[in-house]
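Quick note: residue numbers are just sequence positions, from 1.
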Amino acid sequence: QGPQFECDRSARVMPIEHVNDDYCDCADGSDEPGTSACSGSSTPFWCANVGHKATTIPSSRVRDGICDCCDGSDEVGKTGEGS
């Protein structure tokens, strides 16, 4: 069965591969902390900011064309931007 992930605010369990897969599986958005898939949720986006202070930003600011994370991770995957 492999490693599992449980949504923060529900009992829904899924394979760990569903975390950060750009599809909002949990109603609370807890499975997508690193994407904008659940931008309508209150789950924040984690900016690791390697070499800087780690922080979180609202998911609505992910892939909006403006770098909010010092490391640019909130814009990775946007056409023409990121790595």
Side-chain angles (χ1 to χ4, degrees):
Q1 183 155 283
Q4 299 288 299
F5 175 82
E6 184 175 345
C7 300
D8 287 347
R9 296 187 190 113
S10 73
R12 182 165 185 196
V13 177
M14 65 196 75
I16 197 75
E17 292 83 16
H18 289 215
V19 175
N20 288 326
D21 66 350
D22 232 1
Y23 183 81
C24 194
D25 297 291
C26 299
D28 62 11
S30 59
D31 65 307
E32 296 298 318
T35 76
S36 61
C38 304
S39 60
S41 76
S42 61
T43 302
F45 178 85
W46 175 254
C47 298
N49 289 334
V50 177
H52 303 279
K53 183 180 177 186
T55 190
T56 59
I57 61 169
S59 293
S60 60
R61 293 186 183 173
V62 176
R63 295 185 188 147
D64 63 354
I66 301 168
C67 286
D68 298 291
C69 299
C70 294
D71 61 3
S73 60
D74 62 310
E75 298 304 317
V76 172
K78 183 167 175 58
T79 305
E81 297 183 33
S83 54

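Cys67 and Gly72 make their closest contact through SG-CA, 4.2 Å (heavy atoms, listed as atom of the first residue, atom of the second, distance). Smallest separation of non-hydrogen atoms from Ser73 and Phe45: O-CZ, 3.6 Å. Minimum interatomic distance between Glu32 and His18 (heavy atoms only, all atoms of both residues): OE2-O, 3.3 Å. Counting all heavy atoms, side chain and backbone alike, Cys26 lies closest to Cys24 at O-SG, 3.4 Å.
Distance alone, capped at 3.5 Å, is enough to place a donor-acceptor pair between the Glu75 side chain and the Gly65 backbone.
Two residues are said to be in side-chain contact when any heavy atoms from C-beta on lie closer than 4.5 Å; Arg12 and Asp25 meet this criterion. Contact annotation: the side chain of Ser10 never approaches that of Asp28 to less than 4.5 Å [non-hydrogen atoms, C-beta and beyond].
Between atom OG1 of residue Thr35 and atom CG of residue Asp74 there is a gap of 12.5 Å, rounded to the nearest 0.5 Å. One finds the CZ atom of Phe5 at 12.5 Å from the CD atom of Glu17 (value rounded to the nearest 0.5 Å). Ile66 contributes atom CD1, which lies 10.5 Å from atom CD1 of Ile57 (distance to the nearest 0.5 angstrom). Within the model, atoms OG1 of Thr56 and CG of Asn49 stand 10.5 Å from one another, a figure rounded to the nearest 0.5 Å. The line from CH2 of Trp46 to OG1 of Thr55 is 7.5 Å long, rounded to the nearest 0.5 Å.
By the rule that hydrophobic residues join a cluster once side-chain heavy atoms approach within less than 4.5 Å of another member, Met14 and Val19 end up as members of one cluster.
At least 2.5 Å separates the SG atom of Cys47 from that of Cys70.
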